[in-house]
Amino acid sequence: MATDLTYKIEIRGIVQGVGFRPFLHMLVSAYGLCGRVRNTSDGVELYLTGDRERVDVLLAALRENPPPLARIESVALTQTDLPPFTDFRIEESRTLSHRHALISPDVGICADCVRELLDPNDRRYRYPFINCTHCGPRFTIIRDVPYDRANTTMADFPMCEACAKEYGDITNRRYHAQPDCCAACGPQTFFLDAAGARTEGDAIENARTYLKAGRIVAVKGLGGIHLACDAYDEAAVKTLRARKQRDERPFALMCRDLNAARALCTVSDAAAALLKNPARPIVLLPKRDPFLLPYCSENDDLGVMLPYTPLHVLLMGTDTDALVMTSANLSDRPILYKNEDALAALAGVADGFLLHDRDIHVCCDDSLLSVVAGKPYFIRRSRGYAPAPVTLPAGADGLLACGAEQKASFALSRGADAFLSQHIGDLKNFETLEHYTRQIAHFERLFDIVPQGLVCDLHPDYLSTAFARERASAAGLPLYYAQHHHAHMASCMADNGLTTPCIGVIWDGAGYGTDGTIWGGEILFGDYAGFTRAGSIRPIPLAGGDRAVKEIYRVGAALLKDIQAPLPDGCDADKYAAMDSVLKAGVNCPRASSIGRLFDGVYALLTGRETVSYEGQAAVLLETMAREADEGYPVCIAEENGLRLFDTRPMLAEMLKQKRAGAAAGLIAGRFIRTLADMAVELCVRVRADTGCKDVVLSGGVFLNRKLLPQVIAGLAKKGFAVYHHQRASTNDEGIALGQLMIGAAQRDKDGKRQ
Ligand code: ZN
Ligand code: ZN
Ligand code: FE
C-alpha cells in the first residue's frame, strides 16, 4: 500500500482573482485528499496529503481543466516532511519577498450575475456592483499583491454577515470572491446635476431620465469615466462633440445586446464572440448601411461594445439600444477616473454625473479591436487584456522598454513574460507623462521587477527617450536604442514567436531613421540583433515639417510638384502655388519616406481636402471610399545607393490622368491601395532573391487599413511567403515596446559576449 505523504505544490500564472482556491477546494474534496492552500505573492501554494499517484492525477486534471479565467504557467511539486493533514482548508495569504503572481485583467459581468441582478427575488436585485468569482473588477482596483480585498479599493467596505457567509462557503459561487459585496455593505452610486448637487431618488434612473431627454451624462465605470448620450439622438451627439471639442474622431457605442448591435452593424460569428468575450472590448464592426449614424462615425464602421458592468446593464435597461460611450478626457489627457477630477474637468461638458464611491486605483481605457481573417486584431490593448503577460519567444529578463511617443506604452520583462502596459495616450502633455511614469512604478511593484536595463526609441525628441535616458543615467543602468521600424518588426516577430531572420514590411506615419530622416515605408531584413534597410519609398518633402501632418494639402503639393502635373479639380490653386514656392526654397522641408504621408497626399489630390483633424484620418477616409480593384498602377522600383526605392511618380501620374478623364475617386483609391500591395510583394520578392528568406512580418499603423492588409497578405502568400501579422499586440506604435524588449535583450547579449 502506498504511504500518504504531504506534498508542496507551487502553482504560478494567473491564479489569483479567478476563483482558483475555491476551485482547488472542490477538486481536492472530489479526490478525497486533505491539505492546505493559500495565495502567496508568487501564486498559489498547495499542500496535499495523499498517495503520489492520486496527487498526480489531480494535478493533471487541474492542468487539463483549470477554472475558466485562470492561466497556469507552471506547477512545481516537492515532497515534504510535514505531518499529514486531516482536512482541507484555505489559509491566510502569505507575502513573499518575490512577487511572481500574475494579476488578472478586469472581467466583464458574467451571465449568472446578470440573472441575479435582474431577479426581483435575489438579494442583489438591481445592485450595480454585483460580482462573483468569475467576474468583476480586478486590475483597476488592485493596489498591491497578493490579491486580497485588503489590497484593493474594496478595503473600505467591510463585508456584511450575509456576504461573509457566501465568501466562506465552499458551495457558493462567491466563495473567496474578493470584491464580493451587496447593497448593505458595498459601494453605492449617486447622481449629481450639472451644478454638482446630489439628486433625490434612484441614481441610475435619474441618469436614464437625463439620457432620454438628450442630455450628456458622465458615467463612472470600471477603468474610468465615460461621457454618455443617446447614440440615436443626433442633436445630443453633436452637442457632445462640440462640448468635448472632439474633432471628427469616431465615438464608440455601447449597445444593449447583440441584437441592438445587429440593428446597426453586420456582426460576424467571430465578431459576436469577441463582443461577448469576458474582456468586453470595443469591436470595430461594418455598418449595415454606410449612412447610419454619420455623426457618430464618418467611416463605414462603428466601434461597438456590450455592457460590461452591472451598472451598465442597469443603465441600458430594456429600452436603450445604444449609447455613445466615449472616454471622458480633455485634449488628449488621460481618461478621468476620480470623482472630484470629473466634477471639475467636466463642468460645462456633462449635464449630470452618475458616480459611485468605489475608487478606481488604476485607470484603464476600453480596448479596441477589429476582426481580421476571423481573428481578433488589436488597435488598442487595454482594459480586459492588461496586465496579462505576452509570452516572449526567448527570455528578455529584467528590461523596461519605454515605447514610442504617440500611443505610448511601456513593457517590463520577467523571464519569458512581457507585461505590456494599458493604453497610456500621447506623451506630449504633462498629465500623460505623469500617468506614464506612475504606471511604470506601479507595474514594477506589482510584478516585482527591478529593471536591469532600459530600451528606448532612437528618436532624440521623444519624451519616452528623455525619460529612459534620465532614468538610466540616474540608476547607472545600460540603455539600449531601438530604431522605430526595427522595433515594429521585432514586435511582430515576438508576437508570432519567430526567432530567425525575417523580412519586415513596416509601414507607418513616421519614425526616426538611422540616417536622421523620417522613415515610414520600410522593407527591412534582419532579426532582433540587427537589420538592414532593404527597401523604401521615394521620400516626400514635408513643407513646414509637422504642419504637413494635419495640413495634408502640403503633402499633396509636394507629390504634384514631383510629377509636374496640372492641378487637379477641387484643389485650391493659390494654396498649392504658395506651397510650390515653399518647396522650391526648401527651407524646413524634411524628407519623409512615409506611407502614412503618401496616403495623406493622395487623399488631398483626389478630394481637394486641405486639412484633417487627427493623424490617420485621411487614410481611414481613403480606405472607406476605396472600391476593390483587381489591378494597380505601375510599380516602378529604382535603386539609389544600393537602396531600392518605390518610385511614386509613374503611379501618381497615371492616377491623376485617370482623375482628369473623369474616373471615380473610389476607383482610383482602390487602385492606389492595390498598387501598394503589389509594391510590397515586388520588394519582398527581390529581398528573397538576395537572402533566401521566406518569412515576412507586417507591422506599423498602416496595417490597420483593412483593405490593404488582406491584399498584402494574399499577394505575398501567392508568391510562396509565410506571412505574419500581429496577434497579441497592436500593429501601431502601442506595440513598439514589445519589440524593444527583444532588441534590448539581443543587444545586452552582444555586449555580454564582447566583454
Ligand atoms: Zn459573475
Ligand atoms: Zn454584503
Ligand atoms: Fe510607428
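Remember, it's 1-based here, ligands and their atoms both numbered in the order they're listed.
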Separation between CZ of Phe23 and CD1 of Ile170, rounded to the nearest 0.5 Å: 11.5 Å
Presence of N, O or S from His134 under 2.8 Å of the Zn ion (ligand 1): no
Asp508 atom (N/O/S) at minimal separation from the Fe ion (ligand 3): OD2
Minimum-distance pair of heavy atoms, taken over all atoms of Ala494 and Arg728: O-NH2, 3.1 Å
Metal proximity, His484 vs the Fe ion (ligand 3), N/O/S cut-off 2.8 Å: yes
SG (Cys132) - the Zn ion (ligand 1) - SG (Cys113) angle, nearest 10°: 110°
N-O pairing of Arg124 and Glu166 below 4.0 Å: yes
Metal proximity, Cys163 vs the Zn ion (ligand 2), N/O/S cut-off 2.8 Å: yes
Salt bridge (Lys or Arg N to Asp or Glu O under 4.0 Å) assessment of Arg138 paired with Asp106: CA-CA 5 Å; Arg138 301 286 188 273; Asp106 299 289; over 6 Å; no
Glu522 with Arg533: basic N within carboxylate O range, under 4.0 Å: yes
salt_bridge(Arg383, Asp366) N-O dist < 4.0 Å: yes
Considering only N, O or S atoms of Asp733, the one closest to the Fe ion (ligand 3): OD1
Name, closest N/O/S atom of His488 to the Fe ion (ligand 3): NE2
